[in-house]
Structure formats: C-alpha cells, structure tokens
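What follows is a short report on a single structure.
Every chain is numbered from 1 and lettered A, B, ... according to where its sequence line falls, protein lines coming before strand lines. The basis for the numbers below is simple: all heavy atoms, side chains too, and nothing from hydrogens, waters or symmetry mates.
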Amino acid sequence: MNKKRLVLIGNGMAGVKTVEEILKISKERFEIAIIGEEPYPNYNRILLSKVLQGDTTVEDITLNDWSWYAQNDIQLFTSEKAIHIETVEKNVITNNGTTIPYDELIIATGSKPFILPIPGNDKEGVTTFRDIRDTVEMVNASKKYHRAAVIGGGLLGLEAARGLLNLGMDVTVVHLGNNLMDRQLDATAASLLKADLEGQGMRFLLEKNTTAITGGKRVERLKFSDGEEIDCDLVVMAAGIKPNIELAQQAGLTTNRGIIVNDYLQTSIPHIYAVGECAEHNGIAYGLVAPLFEQSKVLAQAICELDVTPYQGSIVSTQLKVSGVEVFSAGEFIEGGEKKALRIFDEQDALYKKLVFNGKKIVGAVLFGDSREGTRLFSMIKKQADISDTVKVSLLQPIGGEAEESVVATMDAEEIICGCNGVSKGSIVQAIHEQGCISVDGIKACTSASRSCGGCKSMISELLEITLGESFKPEFQKETLCGCTSLSRDEVIEEIRNKKLMHTREVMNVLGWTTLEGCSKCRPSLNYYLGMIHPVEYEDENESRFVNERLHANIQKDGSFGVVPRMYGGVTNSDQLRKIADVADKYKAKLLKVTGGQRIDIFGIEKEDLPKVWEELDMPSGYAYGKTLRTVKTCVGETFCRFGTQDSMSLGIALEKRLERIGSPHKFKMAVSACPRNCAESGIKDFGVVGVEGGFEMYVGGNGGTHLRSADLLGKVKTAEEVIEYASAYFQYYRETGIYLERTSKWVERMGLENIKVVMEDPKQRQELNERLNIAATVLEDPWKKIIGSEKLKNELFEKVTVEQ
Amino acid sequence: MKKIAERVKVVKVEEVAKGFGKTIRIGELEIALFRLNNDHFHAIENRCPHRGGVLVEGIVSGQHVFCPMHDWKIDITTGKVQEPDRGCVRTFEVEVIGEDVYILFL
C-alpha cells in the first residue's frame with residue numbers, strides 16, 4: 001500500500017501529540033512531515049514558567065527530541081514557516097520556497113500573545129511570555145535591569161511575575177479588571193491570591209488601563225488612562241492570546257477567532273484539519289493543555305478513519321504554577337441563576353473552597369490554599385456527577401481532609417491522569433496489564449506519568465490498587481531503595497547488618513536484585529550505607545560514586561570542572577590567595593567565584609589538569625561536591641565585631657576539622673554566628689550555631705535551598721566543647737538514620753524533632769554516637785593528596801587520550 | 001563498493017579500569033571507551049543526546065551507562081537510550097588485539 005502523505009504545520013504540543021496518537025494507531029499509514037517555526041524540537045510549553053522560575057531548564061522540558069523524529073521517519077522542517085496552502089493542488093509552500101505535497105493536512109499553528117495596540121509596544125524591553133526566546137530575553141534583562149511590569153493579572157501574567165521575582169527583579173502586575181485571574185477565580189479567591197502574592201513581594205495595580213509605553217529606545221515608563229505612570233525597564237505583555245489564523249484565512253478556510261472546526265476537527269475544506277489553540281470549536285478557542293490532548297485523540301482517530309466519538313468540547317481546569325500558592329479552578333465557577341454555590345472559608349488560615357451546583361449536578365469549583373482535591377473534583381465536574389445529600393456532606397468536610405470515594409474507578413479510559421505528560425487512565429491500565437507494572441515507579445518508567453510535577457501519584461497508586469485487585473501488593477508501594485529491588489532502605493540496611501554483607505555486588509546477589517549490577521540510584525546508596533555500617537572494613541567503590549565524588553571536583557555543563565579548596569571556617573590568608581591566583585592563571589581558569597559557603601571556586605579546569613591543580617594549591621579538598629560536610633560559614637565574631645559575644649571563627653574551624661570528609665546521606669551545611677544578628681545565617685543550615693551571652697543556641701534542619709525551611713532550636717549549651725559534642729552526635733545520628741539523598745530538613749520532619757531531641761539530650765547516647773563517629777573518622781584521608789600520590793588513580797580517572805590522526 | 005575500515009589504536013587494555021570509561025579524542029571527535037565488568041570494550045560518542053552530558057563520567061551498570069547530567073540510561077553496546085527517554089548515541093566498533101585496543105571507523 002502506498003503511504004499517504006500527512007503534513008503537520010506547527011511543531012507544538014497539539015500537533016505533535018496528534019502525530020503521536022496517529023503513530024500509536026498505525027506506523028504504516030502515513031509518510032509524515034512536520035513544519036515548525038521555532039528552532040527547537042517539540043517542548044512542553046506549559047512548563048516554560050518553570051524554566052523562567054529557575055526550577056528546570058529548556059532541555060528538561062523537551063518532549064520529543066531530535067531522535068524521536070528520526071526514529072519515526074518524520075521529516076522535520078525547523079526554522080521554516082508555512083506561508084501558503086494550495087488547497088486544490090494540495091501543497092504547502094514555505095518561506096524557503098519548499099513545496100510540500102499532502103494528502104491530509106493538519107494545521108496546529110497555535111496562538112500568539114495578544115500585544116496591546118498602544119504606542120511604544122515595539123520598544124526594546126517589551127516582550128511577551130510565550131516561547132523560549134521570550135524566556136531567555138527576560139532572564140537576560142534581569143541581569144541588567146531591576147524594574148519589571150507585567151501587563152495582565154491572569155494565569156500567565158502571574159507565573160511570569162513570579163519568575164521575574166525569582167530573577168531578582170521588582171515586579172508590578174498591571175491588571176485591567178479588579179480581580180486577579182478573573183477568568184478562573186471569584187472575588188474571594190482572587191483577593192486571597194493577591195494577599196498571598198503581595199506577601200511574596202509582588203505589587204499590583206488593579207483596574208488600570210495601560211495607554212502608552214514611553215522611553216527612549218528602551219522602555220522607561222508605563223502610562224495609564226487615569227494619568228498615573230510607573231517606571232520600568234522591562235514590560236511583559238501577558239494579556240491573553242490570539243489564535244494564529246492568518247495562514248488559514250489566506251487559504252480560504254472559514255475562521256472566526258480561530259479556525260472553525262467540527263466535531264471531528266475538520267475545517268471547512270476537505271482533508272484539512274485544525275487542532276489546539278488555533279482551532280475554534282463551538283465558539284471556543286481553548287488556551288490550555290487538557291483540551292488539546294482531547295482534541296488530538298479525536299483527530300488521530302478521525303484521520304485514521306476509525307470509529308470515533310465526536311469531540312464535544314472540553315471542561316477546563318486550571319492550577320496556578322507558582323510555588324507556595326495553591327489555586328485551583330474548574331468548570332463554571334461563578335454562581336447565579338440556577339447555579340448555587342456551597343462555600344467554606346477559613347479566613348484565619350486563608351483556606352477557601354467553593355463548589356457550584358446546578359440542581360444536583362456539580363458544575364464548577366474553586367479552591368484556594370489547598371488544591372489537593374482538585375483532580376477529584378475536576379473528574380466529578382467533567383462527569384457532571386449527581387451529588388446526593390450524603391455526598392454533599394462529604395464534600396463539606398474540612399479543607400485538607402482525606403476524601404473517601406475513589407474517583408479514579410469511575411473515570412473513563414480516555415481521561416487524562418497525568419496532565420503534564422498527557423497520560424490517560426487507559427494507558428496506565430494497559431501498562432499494568434501488559435508490561436506488568438506493579439508500582440508507581442514502574443508506571444513512571446513505562447509511561448512517563450507522574451514524571452514531571454508528581455501531582456498525580458496518589459491517583460496512580462489508587463488505580464494500581466483497583467486494577468490489580470487481589471494481586472495488589474502494598475509492600476511494593478512502599479518507597480523501595482530503587483527499581484532494582486522490592487526492599488526498602490530500612491530492610492536493606494537490616495539485611496546488610498544481619499548478614500554482614502560487605503560489597504555492593506554481594507548485597508545485590510544475596511538480596512535478589514533484579515539487575516546484575518544495579519543502577520545509578522542504588523549503587524551510590526549502597527556504597528554509602530555499606531561505608532556507614534562498616535566504616536573501617538568497607539572499601540569505598542569509586543565506580544559507584546557520582547562523577548563529582550569520584551573525581552573530587554564539580555563537573556560543569558561543558559565537561560570542565562570547578563575546584564574548591566578547603567578554607568576552614570571561611571578564613572583564608574594571603575598565602576592561600578596567592579596560590580589560588582597562580583593556579584587560576586596557569587590553568588586558564590574561566591572564572592573565580594566566591595561561593596555561598598564562603599569559599600573560592602576555580603571554574604573551567606580540564607579533567608586531566610585536576611591533579612596538577614591540587615598539587616600546586618597544596619590545600620585540602622573543600623568537598624564542595626561531596627555528600628558530607630560542605631562548609632562551616634562563620635561571622636567574624638568577638639575577635640573584631642563590636643556585637644560579637646563568642647569566638648565564632650574558632651568554633652567554626654573546630655567544627656569543620658571535626659566533621660570534614662565523613663560521608664553523610666546528603667550534603668551537610670553548617671554556620672556559626674557570634675550573636676543573634678546571625679550574619680552567618682545559622683537559621684537555614686543543617687546545623688547552625690548562634691552565640692548568645694554566656695552560651696550557644698543550636699539550630700537544626702534548616703535549609704536555604706529549594707525547600708526553604710527555617711531551622712528548629714535543638715537546645716542551648718554553655719561551651720564551645722559542648723557544641724562540638726552535640727553537633728557530632730547529631731551528624732552521626734543523621735548518618736545512621738538518614739535515607740541516602742535525604743537532606744536534614746526532610747529528615748527532621750520524618751523523624752520528628754522531639755524524637756531527635758530525646759536522643760540528643762541523653763548523655764549516654766551522645767557519647768556512643770561520638771564514639772562511632774570517631775571510628776568513621778579514623779580511616780579518612782584527603783582525597784586530593786591520595787590521588788596526587790597515585791599514578792594508577794591519575795591514569796585511570798583523569799587521563800584523556802588524544803589520538804593523532 | 002567495499003567499505004574500508006580505518007583501525008585506530010587508542011589505548012592498551014590495562015590502561016582502562018573495569019567498570020570505567022576513558023575519554024578518547026580523535027580530531028574533533030570525543031569518544032567514551034568503556035571497559036565493562038565482563039571485560040568487553042565498547043565505544044560510543046561522548047555526548048548524551050539529551051543535553052550533551054559527558055557519558056564517560058557516568059556510572060556504568062552492566063552494559064548501561066547513566067549520564068551524569070540528568071541520569072539518562074544508555075545501552076553502551078547499542079547506543080540506544082532506554083525508556084522512558086528516547087534517542088540514540090553513535091557507536092563505534094572496538095577490537096582488542098593482544099594488549100591493544102582499536103577503534104574502527106567505517
């Protein structure tokens with residue numbers, strides 16, 4: 001059979017999802033070509049705000065990388081734009097003059113941001129928030145400028161604003177309406193949201209109509225209809241979207257706001273279809289991801305001439321992707337007329353829940369403060385579920401309570417469970433039946449469901465339980481060490497102790513690992529646990545360590561390394577600085593940077609130069625790469641400071657010398673401040689010390705990183721010696737009970753502060769922990785020195801071979 | 001037409017430790033030469049198809065290497081990226097003759 005030619009205009013999520021659905025039905029049916037304007041493979045546009053907010057990178061949101069196109073024999077034209085469709089001859093013409101013939105054509109040109117038609121909208125520093133280029137522009141602007149204005153207080157505008165805050169900018173959100181997110185939220189939820197975001201540092205100008213953007217070449221000011229003005233160096237327009245329909249219009253397709261399609265996504269001309277944000281179905285052009293998945297499915301089936309349930313529009317739900325704020329909205333969320341609302345409002349804790357009913361049917365919902373119920377409610381809304389009085393009572397349970405009824409069970413096979421990756425209930429059930437998945441991790445590996453935000457994990461778990469029935473094994477649902485075993489961390493450790501296992505391979509053999517040599521998750525964990533349990537006998541396995549810990553330097557994205565020598569307590573001297581300067585010059589360091597932990601990082605060193613660099617520095621490794629004590633930050637303390645009450649530098653140095661090099665489940669950061677002004681930031685460290693008159697306060701479980709957590713007070717002691725004793729006991733207790741890669745901020749919450757205090761306050765346990773730590777410390781030597789002294793290690797690990805051609 | 005393979009001697013067997021990779025530079029090309037625990041040698045291009053991570057620094061488990069950048073799992077013997085990620089890395093034939101390891105270019 002001759003393959004038909006299928007051409008897709010638009011390399012975005014909707015179009016490519018449709019192609020994926022078609023390939024699922026048949027790989028033989030079509031010869032496929034895709035035309036995309038952006039010079040990237042298909043990426044997950046909904047996660048762009050996460051790129052801007054710094055939580056992920058462009059590469060990490062790529063959905064289909066180049067090889068996917070090659071593997072499926074798809075001809076891909078990137079950086080190329082379709083400019084004309086010959087609907088009679090059935091050809092697409094591009095701006096490069098290429099003529100691409102089609103039998104079936106899908107238009108998925110998406111939409112573009114709506115640009116306010118006001119003077120100055122073309123100035124430098126005015127951008128939209130739509131694609132990777134915009135994101136890059138914002139990131140670059142934040143390096144030079146400080147004041148940003150976002151026009152539009154909708155979903156996208158707020159996500160952009162939060163991203164700009166993360167980039168260190170002053171952000172003002174300008175909104176035409178009097179409620180934020182007015183297409184998703186009612187007044188109550190909107191005002192809660194506003195207060196929350198103001199708390200995060202965002203400023204708002206509501207009911208403001210922007211009339212002009214002024215300045216020189218670059219934007220300097222925004223003017224409003226009421227005569228007011230604000231200064232700004234960056235303007236982000238996020239005031240809505242406009243479907244891209246020019247190409248379709250010019251080809252003679254019927255259009256309105258979008259390209260008009262019927263229930264099979266067919267346009268007004270045969271063999272031409274439209275899908276996603278450029279399409280208008282029943283008067284609606286959707287700007288969200290879920291409808292696009294639904295449309296893609298219908299279109300794929302229609303184009304493959306299968307029996308298909310016609311598309312009947314989508315009920316949409318939204319969740320704001322701003323960390324720390326939980327907002328959810330779905331369906332018809334404004335009451336009035338036949339529609340009656342049911343509300344719970346806890347003003348004290350800023351929790352709000354509103355359900356909208358039409359008769360007995362639930363048709364919409366708004367949640368603020370706790371959106372965990374969102375998915376469940378959304379499913380009920382989609383089904384327009386009949387709510388009896390008993391169910392109504394259960395819906396009224398306190399916000400944040402656990403729901404009883406399983407919605408997953410009643411979902412249809414096509415319904416999407418993982419919104420980020422577009423995985424339906426049916427695909428998950430299929431993976432359970434056909435690929436033998438028995439755990440959430442298994443489902444994740446087979447289908448990618450729950451791989452991005454993880455919000456659907458509980459639903460997947462429920463689905464496993466329902467689908468597997470009696471063969472559902474709760475023990476597999478526990479957190480296993482990794483996918484190679486069904487044992488948990490605790491079980492593995494118990495077996496290692498009981499059976500006196502001494503080698504990673506031995507653990508894998510004896511405990512029935514499903515893989516021969518493990519994986520990148522269990523190998524480093526086992527290496528850590530074995531070393532923790534048998535500190536003296538166990539021989540550390542270089543091959544089971546991550547690159548940084550194997551090469552004792554920090555790998556950078558270009559494959560070069562960063563070198564951080566130890567400076568105890570953040571104290572250095574002219575001799576060390578001179579050596580660092582000399583090494584940096586000699587080995588052509590690309591950057592010298594003072595780190596957050598008060599050290600100096602020498603960037604851009606080639607792998608083969610590392611041993612020489614260390615030798616010339618003649619300083620110990622700063623372990624800036626290690627799962628161990630990183631640094632002890634100190635303030636200058638009583639030695640110089642007029643406020644200092646304690647000798648923070650000496651104590652910091654002593655702590656660093658006591659704990660350095662000893663492996664722990666994850667990195668461990670410390671600080672010593674000499675007074676409650678806390679210049680060393682002891683309140684956000686794994687173990688922080690604050691000097692007070694006549695003693696020291698000790699704080700634990702703090703974290704200044706991704707999951708900001710202020711430390712809890714562990715206790716107060718009188719002398720520096722006691723601080724060292726407590727810190728050592730605490731560190732050892734974490735070593736013994738922590739899960740590999742679990743920071744103390746999580747560990748403290750899992751163990752319970754009170755339980756940790758009980759152990760720490762018992763002198764006997766403290767002493768025993770100190771003794772066990774002493775043993776672990778006996779066998780350690782400086783890794784840089786060790787490597788410098790070993791030709792074998794230098795050759796095996798650091799040598800690169802250059803072959804002359 | 002018969003293709004003529006170019007055989008390039010790169011290292012001696014003893015120069016690569018079991019379970020590790022070695023960086024080999026040939027002109028512009030950077031190759032990751034691995035010696036698996038079963039003593040077989042395999043060579044792939046030293047770039048992860050995801051973000052160009054240097055595969056030679058990855059953890060080697062059986063015949064797979066885990067990219068040190070974002071943990072993609074790649075079959076060293078075929079170059080194939082493992083599920084749920086997708087893609088492929090260029091592979092090179094390796095021959096061991098006596099104590100010498102050769103990479104073949106077709």
When you check the gap from the basic side-chain N to the acidic O, do [X] and [Y] get nearer than 4.0 Å?
X: B/Asp85; Y: B/Lys73; value: no
X: B/Glu57; Y: A/Lys800; value: no
X: A/Lys794; Y: A/Glu799; value: no
X: B/Glu15; Y: B/Lys22; value: no

Between chain A and each of B/Val81, B/Val16, B/Leu33, B/Val60, count heavy-atom pairs under 4.5 Å; write down the option with the most.
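Result: the option with the highest number of such pairs is B/Val60.
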
Among the listed options [options], the residue most often paired with chain B at heavy-atom distances under 4.5 Å:
options: A/Glu796, A/Lys557, A/Arg550, A/Lys607; value: A/Arg550
options: A/Gly518, A/Cys446, A/Pro524, A/Ala70; value: A/Gly518
options: A/Val547, A/Asn548, A/Thr447, A/Leu551; value: A/Val547
options: A/Arg545, A/Gln71, A/Glu517; value: A/Glu517

Which atoms of A/Ile555 approach chain B - backbone, side chain, both or neither, heavy atom under 4.5 Å:
side chain

Is A/Glu541 close to chain B through its backbone or its side chain, or both, or neither, when contacts mean heavy atoms under 4.5 Å?
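Contact with chain B involves no heavy atom of A/Glu541 at all.
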
Indicate the ring-plane relationship of B/His50 and B/His70, choosing parallel, tilted or perpendicular according to the 30° and 60° boundaries.
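B/His50 and B/His70: perpendicular rings.
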
Structural part of B/Lys18 lying under 4.5 Å from a heavy atom of chain A
neither

If you define the side chain from C-beta out and look only at heavy atoms, does anything of A/Glu506 sit under 4.5 Å from A/Thr504?
no

